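Some notes on the structure that comes next.
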Amino acid sequence: MEIQKPRGTRDFLPEEMAKRRSIENKLRETATRWGYGEIKTPTFEHIELFTLKSGEGIIGEIYNFKDKGDREIALRPELTAPVVRMYVEELQRSAKPLKFFYFDNCFRYERPQKGRFREFFQFGVEIIGSARPESDAEVIALAVEMLNSAGLKGDLHVGNLGIIRSLFKDILPEHQGKIMRLVDKKDDKGLEEFLETINAPSGMRGKLFRLIGLRGENAVHEARELVGDIEPVSQFEELLSLLDVYGVEYQVDFGIARGLDYYTGMVFEIYCEGLGAQNQVCGGGAYRLAALFGGEDTPSTGYAIGFDRIMEICEAKPESSERIVVISFDDTRKEAIVIAKKLRENVSTYLDVMGRKFKDQISYANTIGASHVVIAGKNELDAGKVSLKDMKTGKQELVTVEEVIKKVKAVFP
RNA sequence: GCCUGGGUGGGGUAGCUGGUCAUCCUAUGGGACUGUGGAUCCUACGACCCGGGUUCGAAUCCCGGCCCGGGCCCCA
């Protein structure tokens with residue numbers, strides 16, 4: 001039996017890589033234009049980084065191992081924790097806000113299915129040092145813009161955990177988590193049953209259900225009536241007005257809980273069609289993790305785009321480009337190398353390395369979809385030129401190597 | 001971890017109510033055609049996911065594993 005790739009991993013062939021790179025570059029360009037700087041963190045970290053953030057329970061879904069120095073190491077399952085670790089470790093004294101983006105692979109030991117792999121790629125953004133609605137709004141707008149740049153239009157839901165949490169004052173912390181989980185799942189029946197079991201105050205129950213059901217124009221006003229005129233409501237209101245300025249379409253959704261305790265205020269998710277059960281392509285929010293990793297308490301906001309998921313649904317537009325094949329004969333092979341070398345300074349050039357005969361070389365050029373063929377034969381070389389053949393039109397002309405470059409570049413600038 | 005469908009040359013397939021050299025297409029290497037491409041022909045290469053079991057005999061039936069797809073749990 002031949003060796004196969006490990007479960008949940010993938011090989012990417014040239015055609016697909018071209019597509020992935022093209023989208024990746026669009027995301028990268030967008031982030032750069034918004035003033036974010038690219039960073040890179042290690043592929044593996046001490047496992048504590050992730051257990052601190054998410055609890056011991058996540059070890060079951062982490063690729064971890066002991067290294068030769070007996071350290072417990074984890075392949076990163078996500079990138080927010082490493083970025084915050086990096087911040088705490090070496091950037092706490094730098095000018096705020098810090099604006100970063102990253103694109104890297106992550107690893108999770110989970111059951112693979114559509115849009116879900118054991119090695120997957122995340123494109124993320126973090127802004128560190130601001131807790132203001134302005135940064136929340138910018139981050140959301142950037143997320144939307146990035147997806148647009150990839151040709152995608154998602155369904156944006158925005159919520160605020162501070163508002164929903166304000167209802168939980170009298171609830172045990174361990175029960176709060178469970179409630180948030182049920183809210184996030186939109187499992188109303190389960191939520192009702194659970195609230196019954198823990199004998200939650202009936203006033204709070206009613207408010208909770210009304211809150212998570214709020215949608216549309218008046219959602220914020222109604223939320224204020226439910227929870228009072230508290231800070232998170234005003235912040236949220238401000239955020240929405242800023243999103244309007246950005247021209248971002250959104251849906252207020254207090255049902256977004258994102259399960260995690262360290263999210264503090266704004267949370268958002270973006271969904272796209274065509275992905276089956278894994279329809280969330282982007283998720284994020286405002287959080288506080290720096291203190292957890294031993295730094296000063298610092299507000300941050302960020303999100304991650306599931307790169308593999310957007311690749312599933314975004315239209316492939318393979319940018320056509322030139323592809324030149326230099327064809328030679330047994331008596332001009334070496335000259336062809338010199339010509340190819342010259343061409344390669346400017347255009348993508350292929351040269352036969354199979355010792356093929358003329359006809360087979362041109363046939364191969366056709367097979368790989370060459371745009372042009374440069375024929376370097378004795379006749380041409382004697383005249384100090386080559387024949388340039390356009391594979392589309394079939395037309396052929398006698399030109400110099402410099403003219404080849406010029407003519408090809410005219411077609412593929 | 002659970003439920004469900006599926007694994008036959010590189011890709012796509014037939015066979016799968018057990019029994020001839022496992023079918024066909026395509027791709028790939030070489031050749032026919034001695035400097036002009038998608039054609040044709042010849043030739044080479046190449047598969048029953050792995051391991052057990054039932055049987056005189058298994059690609060075919062049974063069990064386990066691995067892998068792929070879909071769903072659940074989870075989703076940092």
Side-chain angles (χ1 to χ4, degrees), chain A residues 1-11 13 45 47 49-62 74-84 106-118 120 122 124 177 181 184-185 187 190 256-263 267 269 275-285 287 289 292 302-304 306 309 312 325 327-332 336 354-382 386-397:
Chain A
M1 193 56 213
E2 65 188 61
I3 295 176
Q4 302 176 319
K5 57 185 167 295
R7 174 157 213 207
T9 62
R10 293 157 295 163
D11 294 317
L13 305 183
E45 298 267 2
I47 199 166
L49 179 63
F50 304 110
T51 53
L52 263 177
K53 179 185 174 220
S54 309
E56 295 291 324
I58 39 93
I59 290 181
E61 278 113 53
I62 283 183
L75 299 185
R76 56 175 172 227
E78 48 113 2
L79 283 155
T80 301
V83 170
V84 175
C106 300
F107 308 85
R108 290 183 194 176
Y109 196 88
E110 294 183 293
R111 178 81 165 78
Q113 50 183 269
K114 189 177 178 67
R116 180 188 248 182
F117 307 93
R118 288 185 171 181
F120 59 99
Q122 284 196 337
R181 215 166 287 265
D184 194 49
K185 241 188 284 184
D187 181 3
I256 298 177
R258 297 201 54 76
L260 282 302
D261 298 333
Y262 55 84
Y263 280 106
V267 284
E269 297 182 341
L275 282 164
Q278 321 293 328
N279 68 337
Q280 190 190 318
V281 297
C282 176
Y287 61 88
L289 278 174
L292 191 59
Y303 64 84
R309 291 186 188 170
E312 291 260 328
V325 176
I327 292 182
S328 60
F329 303 85
D330 286 337
D331 59 347
T332 60
M354 299 279 282
R356 283 196 172 110
K357 285 185 265 188
F358 181 87
K359 189 164 186 172
D360 292 326
Q361 289 185 53
I362 201 164
S363 174
Y364 181 80
N366 181 64
T367 305
I368 65 171
S371 59
H372 297 81
V373 153
V374 166
I375 300 167
K378 198 99 178 55
N379 302 342
E380 288 86 354
L381 295 179
D382 284 347
V386 294
S387 290
L388 174 65
K389 184 185 180 83
D390 185 318
M391 292 297 276
K392 266 246 165 61
T393 64
K395 282 185 187 147
Q396 192 170 318
E397 55 189 328

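No experiment lies behind these values; they were computed from the predicted model shown. Residue numbers begin at 1 in each chain, while the letters A, B, ... track the order of the sequences.
For A:R7 and B:C68, the shortest distance from a side-chain N or O to OP1 or OP2 is below 4.0 Å. Contact check, A:R181 against B:C75: a side-chain N or O comes under 4.0 Å of OP1 or OP2.
The separation between A:I58 atom CD1 and B:C75 atom C1' is 12 Å, rounded to whole Å. For the pair A:E110 CD and B:C67 C1', the computed distance is 18 Å after rounding to whole Å. Regarding A:F120, its CZ atom lies at a distance of 17 Å from the P atom of B:C74, rounded to whole Å. Distance NZ (A:K53) to P (B:C75): 12 Å, rounded to an integer number of Å. With rounding to whole Å, A:K185 atom NZ is found 11 Å from B:C72 atom P. A:L289 has its CG atom 13 Å from the P atom of B:A76, to the nearest Å. As rounded to whole Å, 10 Å separates atom C1' of B:C73 from atom CD of A:E61.
The pairing partner recorded for B:G5 is B:C68, the criterion being a Watson-Crick or G-U wobble arrangement whose two distances lie under 3.5 angstrom.
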Sugar-phosphate or base contact per nucleotide [nucleotides 28-35 of chain B; S, B, -; heavy atom under 4.0 Å]:
SSS-SB-B
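The side-chain hydrogen bond (donor to acceptor under 3.5 Å, both in side chains) test applied to A:Q113 returns A:Q278, not counting sequence neighbours. Here A:K114 pairs with A:E312 under the salt bridge (charged side-chain N to carboxylate O under 4.0 Å, His left out) rule; sequence neighbours left out. Residues passing the side-chain contact (heavy atoms from CB on, under 4.5 Å) test with A:I62 are A:I47, A:F50, A:I58, A:N64, A:A74, A:P77, sequence neighbours excluded. Applying the side-chain contact (heavy atoms from CB on, under 4.5 Å) criterion to A:N379, with sequence neighbours excluded, gives no partner residue.
Annotation: B:U4 and B:A44 have their C1' atoms spaced 43 Å apart (nearest Å).
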Validation: residues 363-376 of chain A side-chain donor-acceptor distances under 3.5 Å, sequence neighbours left out:
residue: A:T367; atom: OG1; partner: A:S363; partner atom: O; Å: 2.9
residue: A:S371; atom: OG; partner: A:R323; partner atom: N; Å: 3.0
residue: A:S371; atom: OG; partner: A:R323; partner atom: O; Å: 3.3

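Side-chain proximity of A:Q113 to B:G71, B:A76, B:C66: nearest is B:G71.
Annotation: A:Y109, atom OH; neighbour count of heavy atoms from other residues, nucleotides and ligands within 6.0 Å does not exceed 12.
In summary, A:R118 and A:E110 do not engage in a salt bridge, as defined by a charged side-chain N under 4.0 Å from a carboxylate O.
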